[in-house]
Amino acid sequence: MRTRKCVGGKANTKVLVPYWSDDIDDSGCAHLYCDAEKDVYGQTWGATPVGNVATWFSKDVSKNSSSQFPCMTFTYEFNSRYCGLENDTTNGNGNGNGMKAKWSNSFAYCKPSYLQWGSSTKDQTCDKTNSSMLFELATASMYSSDEDAISACKNKCLIDSIHCHALVFNNNTKVCYGFDWCSVKKEKGQNWTFYYVPAAFPEWMASVCATYYSWYPSKALNDRGIPYPSCFNVFLWEYLMDPKGGATSVPNFRLQNQNVLYNPYSGYLNLKIRSTSNSLLVQKIADDAVAVKFIVALRDFVDTHFNDNELWVALHGLLFDLDTQYIHITRYFVTNVLLLIIAVMLAGLLFLIHPLAAFVMLFTEIATIIEVYGFIDWADLHMNGVLALNMLVAVGLTMEFAAHIARAFMLASANPEEKIGIPHALPGQIRMKKTLREVFTPVTLTAITTFIGIAPIASSTFPYFRDYYFVLYVMMILTGWVNGAVFQPVILSFLNPATFSHENDPTPNSINHETMIATTIALNDHHSA
């Protein structure tokens, strides 16, 4: 049993995205190993933990591989075995868990060579403080002779390293150290055996890398450890051909001709990349602000180191799909709200004619936006693309509550002698009462039917739908109706912008109107007679 904690993801932790902790408790685990074996497939296999691959030189690839061909010149023959698990009916290894470690059959293959070891020297070693060590291998329990132990260290350097620079063997402790960069220092009186790589790459690799390669393989790399252009394809092909290296990464590479990876003779010469992909595991993204900061920093890094050098990198993934919207969400929201305010004002001037009436309706819409925006914090909602879109929709949705009442008010006229139940009523109050008698009920029914239309969302099994659609739209309808059907009538009745209906005005138009009514009555009486 191995235990690892999943941190966050709960409301009270304020961590929106859960992540795995770095601590793994395996104190209750039984550590299983495949036993060391000698002279199996002509090799000596060291004890290997379950889940790992052991690799060694193969004595005869043609006999241990389905490829049935000998390895070419300047390549080495390798043999790999996997240490796995199988059921143990006898509760093997004394663990009582019914499982035991078991070696797999061997898999033999060819791998290009590039190491040619120079002669050994005494009293020399690599300064560990200034060198880059690849591995440390204790050989005392595995090999009886120093010759076999040193041979095993050289093999491990070849197997595990893209470029091995030097090898140091301690003749007393029987421990060897492999380095991909060695700062040589002399230590007289110490029982060290030092090996280095003095020769160039083999002929087939030297033909590609000779421009920058002199005495050490590391000369094919720049000071940042990146292969020079003339050597890049060689290193990449070597990497992708390595079962313990990049073979598992092959699906991430789109090559012009995928068959070059199966050509152990000259595939490196024709390796051409169309595109590659890679993955980043991102943890501890506690909230949207952290995610936005990470995305912006990663974009800047990519633009600086890749895209500006015409090596185009496109970032994608769930984190980008969800959180890229937050980078400029406030700017987009404010910009679109301002455009909507301008559109509402223009529509008000077009249909209400009077600037004061248009301004009152605009004020009503702005108040609705501010109130809904304040509500989202109280409801623990977060500004995102959906909420910003719904806020903009709210302007159109609640426009009908204000626009119909404002339009009807501008068409209504006031007769000073008309009684509305209010002593000394102002003309604006008279007009507003006539307006509300006509449109208040339809506007209210509009709000009710809109609510009925969104009511089924309340039963959604997805909390996101309930919060960002049902709850938000209910608040929009409520604030829009209150502002448009309650507060706006009060403001209009006091400001009383002039009507563009002259029904009760003592003007020629109104006299003509009365004359038309009298004429109509006279005609009706004539027909009755």
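Remember, it's a predicted structure, so these values are computed and weren't measured experimentally.
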Inset, instruction - Kindly say whether S413 contributes a backbone atom to a donor-acceptor pair with the side chain of K434 at under 3.5 angstrom? - result: yes
Inset, instruction - Taking the side chain as every heavy atom from C-beta outward, state whether L319 and F294 have any atom pair closer than 4.5 Å. - result: yes
Inset, instruction - Nearest 0.5 Å please: distance from the CG atom of L315 over to the CG atom of N278. - result: 11.5 Å
Legend entry - Least distance between heavy atoms, V50 atom then G84 atom: CG2-O, 4.0 Å
Can I get a per-line list of side-chain donor-acceptor pairs under 3.5 Å for residues 465-477, giving both atom names and the distance, sequence neighbours left out?
unit_1 : atom_1 : unit_2 : atom_2 : d
R466   : NH1    : S460   : O      : 2.6
Y468   : OH     : H382   : N      : 2.9
Y473   : OH     : N390   : OD1    : 3.2

Inset, instruction - Measure across N496 and P427 and return the closest heavy-atom pair with its distance rounded to 0.1 Å. - result: ND2-CB, 3.8 Å
Inset, instruction - Please report the shortest heavy-atom distance between V443 and A485, naming the atom on each side. - result: CG1-CB, 4.5 Å
Legend entry - Minimum heavy-atom distance between Q325 and G385, given as atom pair plus value: OE1-N, 2.6 Å
Legend entry - Distance-minimising heavy-atom pair for A291 and I285: CB-CG2, 3.5 Å
Legend entry - Qualifying residues under side chain to side chain contact (heavy atoms under 4.5 Å, CB included), relative to E438, sequence neighbours excluded: none
Inset, instruction - Would you indicate whether F487, at its atom CZ, is surrounded by more than 12 heavy atoms from other residues, nucleotides or ligands within a distance under 6.0 Å? - result: no
Inset, instruction - Give every residue pair that meets the side-chain hydrogen bond (donor to acceptor under 3.5 Å, both in side chains) criterion with at least one member in residues 369-379, sequence neighbours excluded. - result: E371-N483
Solution key, residues 448-459 side-chain donor-acceptor pairs under 3.5 Å, sequence neighbours excluded:
unit_1 : atom_1 : unit_2 : atom_2 : d
T449   : OG1    : L445   : O      : 2.9
T449   : OG1    : T446   : O      : 3.0
T450   : OG1    : T446   : O      : 2.7
S459   : OG     : P456   : O      : 2.7

Inset, instruction - Measure from the side-chain N and O atoms of Q256 to the backbone N and O of K272, and report whether any donor-acceptor pair falls under 3.5 Å. - result: no
Inset, instruction - Walk me through it: do L411 and T499 pass the test side chain to side chain contact (heavy atoms under 4.5 Å, CB included)? - result: CA-CA 6 Å; L411 290 173; T499 179; 5.7 Å; no
Legend entry - Backbone N/O of K102 and side chain of E86: donor-acceptor pair under 3.5 Å: no
Inset, instruction - Working to the nearest 0.5 Å, report the span between CD1 of I369 and CD1 of I366. - result: 7.0 Å
Show which side-chain atoms of residues 350-365 pair as donor or acceptor with protein atoms under 3.5 Å away, not counting sequence neighbours.
unit_1 : atom_1 : unit_2 : atom_2 : d
H354   : ND1    : L356   : N      : 3.1
T364   : OG1    : V360   : O      : 2.9
E365   : OE1    : T398   : OG1    : 3.2

Inset, instruction - Output the distance between atom CG (L32) and atom CG (L85), rounded to the nearest 0.5 Å. - result: 6.0 Å
Legend entry - Trace of the side chain to side chain contact (heavy atoms under 4.5 Å, CB included) decision for F401 with T368: CA-CA 11 Å; F401 303 142; T368 300; over 6 Å; no
Legend entry - R254 side chain to S275 backbone, donor-acceptor under 3.5 Å: no
Exercise answer: donor-acceptor pairs, residues 326-348 side-chain atoms, under 3.5 Å, sequence neighbours excluded:
unit_1 : atom_1 : unit_2 : atom_2 : d
T335   : OG1    : R331   : O      : 2.7
N336   : ND2    : Y332   : O      : 2.6

Legend entry - Rounded distance (nearest 0.5 Å) linking atom CZ of F440 with atom CD1 of I405: 7.5 Å
Legend entry - Atom pair CG (L387) and CG (L392), whose distance is rounded to the nearest 0.5 Å: 9.5 Å
Inset, instruction - Would you check, one step at a time, whether the test side chain to side chain contact (heavy atoms under 4.5 Å, CB included) holds for V386 with Y464? - result: CA-CA 10 Å; V386 171; Y464 190 89; 3.5 Å; yes
Legend entry - From L318 atom CG to F320 atom CZ, the distance as rounded to the nearest 0.5 Å: 11.0 Å
Inset, instruction - For S493, check side chain to side chain contact (heavy atoms under 4.5 Å, CB included) against everything at least two apart and list the hits. - result: Q429, M432
Legend entry - CZ (R4) with more than 12 external heavy atoms under 6.0 Å: yes
Inset, instruction - Measure the shortest side-chain to side-chain distance between F409 and P489 over non-hydrogen atoms and say whether it is less than 4.5 angstrom. - result: no
Inset, instruction - Report the residues that fulfil side chain to side chain contact (heavy atoms under 4.5 Å, CB included) with V490, sequence neighbours left out, ordered by chain and then residue number. - result: F494
